[in-house]
Asks: 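Here you go, one structure.
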Amino acid sequence: MTTGNASTASLDLDGTERVRLAVYRGFARTGKAPGAAELAALTGLGPDRVRRELRTLHERHDLVLDREDSDHVVMAHPLASVPRRAWDDVVRTCANQRLFCSTDCVDARLRRTGQERGHVMDLATLWHFAGDWYTGRLDPGYTRRDPAAATAYFAGVGLRGPFRGLPD
């Protein structure tokens, strides 16, 4: 994987794709997304163009911009554990994804926090799910799955019940 300016600013990619790759590669490299100024430097695009491309990516649900400061990406479309309501508050959704040692630990946290129980999956299922879910995110031309393809993928890896509204 190349994460420098040359691959991200490649002239054969459109502006939206250049910004998307720079965001994902920034997350992969540092654990956080670059801001608009850094994205401009990484992509060779002007700051106003970067902001337009970020908005396009946000509208396509490829990433989520900060509500208070749209120059900052708060999330680059991770999985969601709340059935169908994930985009009502996607930041909260992903902030509440946790790994626990057992369902007893989940129940103890729910008692402490008063939160509702969401979908709980075992580690083997999570590993199977994640194995191919993010394939291609760092590659040029990646297209996220549409809802029908995502539902088929979820079913194919054994996710059932309340996860994204799938039948039991």
Asks: Strictly distance-based, threshold 3.5 Å: is any side-chain N or O of Arg20 a donor or acceptor partner for the main-chain N or O of Arg137?
Replies: yes
Asks: Ignoring hydrogens and angles, tell me if any N or O in the side chain of Asp132 forms a donor-acceptor pair with the backbone of Thr135 under 3.5 Å.
Replies: no
Asks: Checking the side chain of Asp122 only, and the main-chain atoms of Thr125 only, is there a donor and an acceptor separated by less than 3.5 Å?
Replies: yes
Asks: From the options Thr16, Leu63, Asp62, select the one residue that forms a side chain to side chain contact (heavy atoms under 4.5 Å, CB included) with Leu54.
Replies: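 Looking at Thr16, Leu63, Asp62, the match for Leu54 under the side chain to side chain contact (heavy atoms under 4.5 Å, CB included) is Leu63.
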Asks: Report yes if some heavy atom in the side chain of Asp107 is under 4.5 Å from a heavy atom in the side chain of Arg117; otherwise report no.
Replies: yes
Asks: May I ask you to test the Arg109-Gln115 pair for a side-chain heavy-atom distance under 4.5 Å?
Replies: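 Arg109 vs Gln115: side chains touch.
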Asks: Check whether Val120 and Leu110 end up in the same hydrophobic cluster, where Ile, Leu, Val, Met, Phe, Trp and Tyr are linked by side-chain heavy atoms less than 4.5 Å apart.
Replies: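 Result: yes, single cluster for both.
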Asks: Could you report the tightest heavy-atom contact between Trp133 and Ala150, atom names first, then the distance?
Replies: CH2-CB, 3.9 Å
Asks: At their closest point, which heavy atom of Val50 faces which heavy atom of Ala36, and how far apart are they?
Replies: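 Heavy-atom minimum between the residues: CG1-O, 3.8 Å.
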Asks: Counting C-beta onward and ignoring hydrogens, is there a side-chain heavy-atom pair between Pro140 and Glu17 closer than 4.5 Å?
Replies: yes
Asks: Using the six-membered ring of Tyr153, assess whether NZ or CZ of Arg145 lies under 6.0 Å from its centre and within 45 degrees of the ring axis.
Replies: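 So Arg145 does make the cation-pi contact.
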Asks: For Arg144 and Arg60, indicate whether the former's side chain and the latter's backbone hold a donor-acceptor pair under 3.5 Å.
Replies: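 Pair found, side chain donor or acceptor close to backbone of Arg60.
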Asks: Less than 4.5 Å apart, side chain to side chain, heavy atoms only: is that true for His58 and Val64?
Replies: yes
